[in-house]
Amino acid sequence: AKDKDAAGSKQIEEVKVASWSQPITEQTNLLAGEEKSFYKENGIKVNFIPGAGGGDAIKNILTGAADIAFTDPGSLYFALDKGEKLRVIYNIYPQNVFNVVSLTEKNITKPEDLKGKKIGVYSHSSGTRQNLLLLLHQAGLSEKDVTIVETGLLNFAPLMQGQVDATAATDTGLETGKQKGLSDVNVIEVKDYLNIPSDVFVVTEKTYQEKKDLLISFLKGYQQSAQWMIDNPQEAASLAVKLAIDGKDVNSNLKIIDLRNSSSLSSDPKDKTLGALDPEVLQKGADIYQGLGLIENKLDMPQAVIQDLIPKK
Amino acid sequence: MKKVEYYSMLLLLLMLIGWELIAGPMSELVLPAPAAVFIELWNGLSSGYFLPHILRTITEIVLGLSIGCTMGFILGVLMGEIDFLRKLLFPYVIASQAVPKLALAPLFILWFGFGMTSKVVITALICFFPLLENTLTAIQYTDPNKKDLFYILGATRLQTLIHLKIPAGLPAILAGFRVSVVLAVVGAVVGEFIGGSEGLGALIIASQGMMDTPLMFAVLILLTLMGMLLYLGVNLIEGLFLKTYMKGRNK
Amino acid sequence: MKKVEYYSMLLLLLMLIGWELIAGPMSELVLPAPAAVFIELWNGLSSGYFLPHILRTITEIVLGLSIGCTMGFILGVLMGEIDFLRKLLFPYVIASQAVPKLALAPLFILWFGFGMTSKVVITALICFFPLLENTLTAIQYTDPNKKDLFYILGATRLQTLIHLKIPAGLPAILAGFRVSVVLAVVGAVVGEFIGGSEGLGALIIASQGMMDTPLMFAVLILLTLMGMLLYLGVNLIEGLFLKTYMKGRNK
Amino acid sequence: MGFLTLDHIYYSYPGQGSTVKDVTWQIEEGEFHCLLGKSGCGKTTLLKLAAGLLKPDKGKVYWQEVEVSKPSSQVGYVFQSPTLLEWKTVFDNILLPISLKRKPNSRELDYGETLLELMGIISQKDKYPTELSGGQQSRVAIARSLIQRPSMLFLDEPFAAVDAITREELQDDLLKLCQLQKTTVIFITHDITEAVYLSDHVAIMSGGQIVHDYKVNLPQERGFKMRYDTYFNELCLKIRQSFSGVSS
Amino acid sequence: MGFLTLDHIYYSYPGQGSTVKDVTWQIEEGEFHCLLGKSGCGKTTLLKLAAGLLKPDKGKVYWQEVEVSKPSSQVGYVFQSPTLLEWKTVFDNILLPISLKRKPNSRELDYGETLLELMGIISQKDKYPTELSGGQQSRVAIARSLIQRPSMLFLDEPFAAVDAITREELQDDLLKLCQLQKTTVIFITHDITEAVYLSDHVAIMSGGQIVHDYKVNLPQERGFKMRYDTYFNELCLKIRQSFSGVSS
Ligand SMILES: Nc1ncnc2c1ncn2[C@@H]1O[C@H](COP(=O)(O)OP(=O)(O)OP(=O)(O)O)[C@@H](O)[C@H]1O
Ligand SMILES: Nc1ncnc2c1ncn2[C@@H]1O[C@H](COP(=O)(O)OP(=O)(O)OP(=O)(O)O)[C@@H](O)[C@H]1O
Ligand SMILES: Cc1ncc(C[n+]2csc(CCO)c2C)c(N)n1
Ligand SMILES: [Mg+2]
Ligand SMILES: [Mg+2]
């Protein structure tokens, strides 16, 4: 009843969030606007716009189909490189969730071991590929030292069948794979070599200028929701069954949510604020992208990062 | 009749056994065994989990098919009748087909929203071409003697079209329709790939994310069944409503 | 003739202006202006950047089309001739069409490898259906009087097929072929979506990954041109080689 | 000028010599003309030219003093082959000229039945054309050409597939109908007796030209006995001879 | 038993009463039979039954004492409508019965030309069927039925679309050819004179039955003057009367 009063007293505004994916379990906190009150309390209503890749999310804010993009830094770099005026306003997952997985018998434990190997990625436009390149770069290798093949979303299948030596994946992907019978694997975590964030909220300069209050309200709501998911993984896992298209099984939902919860927390012991942005890391990432030839221009990340919208505790 | 059904069952059985044999030594991730798939299918159907997705996809197919086929038929007739239009429009028709719809996702979302409309548009775009091409061809190969007859009867172009060219071309037009109907299924699914949160296409993407291949195969079976029902539906229409039109033609 | 070309140019111009107007206020990432796309196209062509991709995709189209159309034609003939086969096989034909190929990527990769084979198979699978359906229909609607003639001449089934049913059904069969040819372009591209590092489909994926939309649109234009050339090619074949078959039929 | 006038008409099919050469022909209102000639001499071509189905390469066709450009609905035409719509019943085929434009009214439906009765195919009314015998099909085509009570009839060997007895009945019926409605008729036939029996004028065609045009001086009211009349038989013989004479 | 025997044959089209009722007919080798009857009486149906194109509902058809199950290539058939392949030239249409099985040899090519000449359409050799006149098309169909020198010929109103003069020439040619090759013929026509002139036996059909079968006692060698012979004309008249008698 209290919620209703709060909602009724204020004008409820709609925020359209363009995601890189369908509504999936790991985003339960974003999807739970009807069931929970984080957003309502802040006078907003989240409208989830699905996409197929981080690029879609950015394009959807560029066309005005959405206000906020839930996207990866890679897509952000590409768009900034093309001259788009974008602002990063929130660090959704400060931890890099990407990894490279191989069967133990292949004895691949560090990036250097990947030399000459055949490595699977989801697709040439996916984060698995970009992060694999980052990892190789950190080890002084390049794309030419390995063979990269596209394996589609079921990327562990060819790994198990022996068609690839290793496959680039994400933490949740690996978890799902393990549930499907993948075992005895070595995992190289990209975050151990370069811990750029996995996802950030991005808005256009125009939205930033014109809808600042709305963004602040949204980020408040999102921060609360993220905290809620950290505190109540079990509840989130059961809600996901209804809200997420892939949330069929509560137990796997829980595992996924646990993983996402831990990637939502910054590794910086000083700053425990959810969503805190580190322009340095983003700058480093951008510079490596440039070094890899993925983008042409030198980006000025500190200029693109807006830190003062993030709600402080 | 009986015999066909018997062999049909036999073939199905053989296929299932073959599938089982291939799937046996393979990881479920790559190719799940038939039993796993059918359990998934059964569970999904009985629990009602598939229902909203099926309804969504069917709605998209029906809408997309209606729009696409109406457009395809009308354009086919116009391009068949008017040489000028055919030459003028054909590059754009080809463009609409040769361009992979997946590549234009953001534009579709921009113009038609991320709701059902964009999926319906994609379905319509995909299924309008076979009907267009077949209608166009059928219209052009009308028996010249019959055209003479209509000319002498002082029939207008429209009358000749409605009373001669279209009924005479009906078998070919229906062949195009059958192709369209099956493509419409793919169209709706591809539309849902673009960024749908409901529908069987979205479910395929989700199942891939979950690495739930039995689920994915269950959805593929649902899609196949849909395609078959639609195809049989066209045959039924052909058999029932167009009986008189089809009478006096062989087979 | 002249007039059509004139209006065709005019329409093209209008389309380009429309495109420019729509693209103007829009981000290049979503919809690049025509100029940007044509510069990209020109650069890619003159630098030879597109060449290997074009060749690769063309190879896949040609191979896939040959295999798919041969299969489609043969199956169409068999299913048109033998009622039993038609009833037996049709569920599997529909399945092969209603199932989105993108979903089966892992299986295709497993069975046909990462190389060109899997793309050729997908192309073949996509383009065999329109030809099959049209052949099947054309074969079934042969003039019963002519069938009587062949019966009385003691023609075998094969002879009747070759000398009567196929030539009589040629216009419809060619309509199916035209649809197939255009679908083959989509087929090859979709195949390359799945796991290719070469070919125009792979280029689309790569350009999407890098959000290089002008490049993507340049590729889309290349695909459209390919589709148009193929379509015109079929018309040319129809006009040249089958002149005698087409003679004595209207238009 | 006549009801229908062909004025120095030339026609050739693409890539071929002249099929119709310099034909001038005048047909007055209510006249019944027969056109005779060897197979392939150009009768059908000439008839199509007269009806406006083909455009002459040279020369003009006038219909009531107006140059023919498109066929009027006052014309009935029976093609050499029946040309029926296989997907319509016999009755619907007969009503086609009307139903193209509007729903036939009860008077027209009745007239359709009357014509079917005259043609002796009333029992085939609801069949489809492929279920008819050859002669039945031609009679459907004849009935169709009459349904609109046209003021001008073009008939291309309408009775060729019909037996002798039925043929004579049909001849009498056609004559009666045409006299009643003052129909102008051009009638192609291979049967000389038929030509003389039916017509006021018999034109002989050869090599794309009208080489003879006989006036038939018989009373308007024809009858069975007339066929045994001396004048009748002499005319037949004369035509036959002129016919053989021009044989190539 | 005869060369071709129909033994108590019944046939009805789906959903219709009997079209052919209890027909028993015996045809000896080398005989020329004509079949006359009103339009729609079942002549074409009977011919198709005899040729094995339709299967009788009851009764049997024997061909040289063997029950007919599938047509042999020794048979020539001219359908009531020409039924030519539009995508082949006239010459290729004529050679179709041979080229179905193998490449025609030079003797067959020559014979094809001879037949075209006989039919008076040699100048149309390289045209396509749609470029021919109605009568020319029927003559192509006749030539096609003769190309294999069949021992049995079924002709369904082959001369209906041909003018009187050409028709008489074709009659003589056909007779000569058949006598030379000892061809057995069944010939449907609506022309009583033609029937008597050509045949050894004239069968009259009515209501699906053979109601009369006349033997024609004329010398083997027919000639133009025979048409003015008294016996000839009396027979014609007799047939005509029996014909009218059975008219419904
Ligand atoms: N469409 C066509 N193309 C080319 N030549 C044609 C065409 N139609 C007819 N001809 C030729 O023109 C000539 C006259 O044909 P037409 O049909 O007028 O003859 P016809 O007098 O009606 O003969 P028939 O009595 O056999 O019907 C014939 O030699 C024929 O071969
Ligand atoms: N396919 C069919 N289906 C149904 N009825 C048919 C079919 N073919 C013919 N008939 C009917 O059977 C009867 C005999 O037809 P048939 O063709 O044998 O006659 P016919 O003696 O050859 O006549 P014609 O001299 O007009 O050619 C006709 O009344 C006709 O309506
Ligand atoms: C937690 C998390 N997992 C996966 C992705 C997917 N992703 C990462 S980069 C990239 C390429 C751009 O499309 C994509 C699709 C994500 N964004 N966040
Ligand atoms: Mg003619
Ligand atoms: Mg008949």
Side-chain angles (χ1 to χ4, degrees), chain B residues 3-4 7-8 11-12 15 29-31 83-84 87-88 90-92 94-95 97-100 102-104 106-107 110 129-130 133-134 136-138 140-144 147 171-172 174-176 178-179 182-183 185-186 189-190 193 201 204 208 216 220 223-224 226-228 231 249-251, chain C residues 3-4 7-8 11-12 15 30-31 83-84 87-88 90-92 94-95 97-100 102-104 106-107 110 129-130 133-134 136-138 140-144 147 171-172 174-176 178-179 182-183 185-186 189-190 193 201 204 208 216 219-220 223-224 226-228 231 249-251:
Chain B
K3 212 172 125 208
V4 176
Y7 280 103
S8 208
L11 185 62
L12 186 65
M15 292 253 168
L29 263 187
V30 184
L31 184 63
D83 243 49
F84 175 74
K87 284 181 186 143
L88 195 68
F90 113 90
Y92 306 96
I94 307 281
Q97 297 307 303
V99 167
L102 278 179
L104 298 180
L107 287 180
L110 175 66
F129 184 54
E133 184 62 49
N134 274 34
L136 192 153
T137 306
Q140 288 185 296
Y141 281 95
T142 316
D143 178 3
K147 282 205 274 196
L174 281 172
R178 275 192 294 269
V179 176
V182 177
L183 285 191
V185 177
V186 190
V189 170
V190 165
F193 278 0
I204 288 179
Q208 287 190 333
M216 185 178 91
L220 296 185
L223 288 174
T224 302
M226 258 181 207
M228 273 165 58
Y231 187 93
R249 309 200 214 209
N250 209 34
K251 271 231 155 152
Chain C
K3 211 172 128 209
V4 175
Y7 281 103
S8 208
L11 185 62
L12 186 65
M15 292 255 168
V30 181
L31 182 63
D83 243 50
F84 175 75
K87 285 180 185 145
L88 196 68
F90 113 89
Y92 306 96
I94 306 281
Q97 297 307 304
V99 167
L102 276 179
L104 294 181
L107 282 182
L110 183 69
F129 184 54
E133 184 62 47
N134 274 34
L136 192 153
T137 306
Q140 289 185 295
Y141 281 93
T142 315
D143 178 4
K147 282 205 272 195
L174 280 171
R178 274 193 295 270
V179 175
V182 177
L183 285 192
V185 177
V186 189
V189 170
V190 166
F193 279 181
I204 289 180
Q208 276 191 327
M216 185 180 88
V219 175
L220 296 185
L223 288 175
T224 303
M226 255 183 210
M228 274 165 57
Y231 188 92
R249 306 200 217 208
N250 210 34
K251 269 229 158 158

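Every chain is numbered from 1, with letters handed out A, B, ... down the list of sequences. Since the model is a prediction, treat every value here as computed from it, not as a measurement.
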Heavy-atom pair count under 4.5 Å with chain B, highest-scoring of [options]:
| options | result |
| --- | --- |
| C:V30, C:V179, C:L12, C:V190 | C:V179 |
| C:V189, C:V219, C:L223, C:V182 | C:V182 |
| C:P130, C:P100, C:G227, C:G176 | C:P100 |

Side chain, backbone, both or neither: which part of [X] has an atom under 4.5 Å from a heavy atom of chain B?
| X | result |
| --- | --- |
| C:M228 | both |
| C:M226 | neither |
| C:Q208 | side chain |

Self-check item: C:Y7: partners by side chain to side chain contact (heavy atoms under 4.5 Å, CB included), with sequence neighbours left out
Solution: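 Expected list: B:F84, B:L88, C:K3, C:L10.
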Self-check item: For C:A138, side chain to side chain contact (heavy atoms under 4.5 Å, CB included) partners two or more places apart
Solution: C:A172, C:I173
Exercise. Kindly give the heavy-atom pair with the smallest separation between B:Y92 and C:S8, and that separation in Å.
Key: OH-O, 4.3 Å
Quiz item: Are C:I94 and B:V185 side-chain neighbours, meaning at least one heavy-atom pair lies under 4.5 Å?
Solution: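 Not in contact.
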Quiz prompt | Modelled atom types, side-chain donor and acceptor of B:E133 and C:Y231, under 3.5 Å | solution =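 Distance-only check passes for B:E133 and C:Y231.
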Quiz item: Are B:T137 and C:L174 close enough, and set up right, to give a side-chain contact (heavy atoms from CB on, under 4.5 Å), and what steps lead you there?
Solution: CA-CA 9 Å; B:T137 306; C:L174 280 171; over 6 Å; no
Exercise. Show the numbers, then the answer: is there a side-chain contact (heavy atoms from CB on, under 4.5 Å) between B:L183 and B:F129?
Key: CA-CA 10 Å; B:L183 285 191; B:F129 184 54; over 6 Å; no
Quiz item: Pick from B:V186, B:L104, B:N134, B:V99: which one has the most heavy-atom pairs with chain C under 4.5 Å?
Solution: B:N134
Quiz prompt | Which portion of B:I204 sits near chain C, non-hydrogen atoms under 4.5 angstrom | solution = side chain
Practice problem: Pick one of side chain, backbone, both or neither for B:L110, based on which atoms fall under 4.5 Å of a heavy atom in chain C. | Solution: side chain
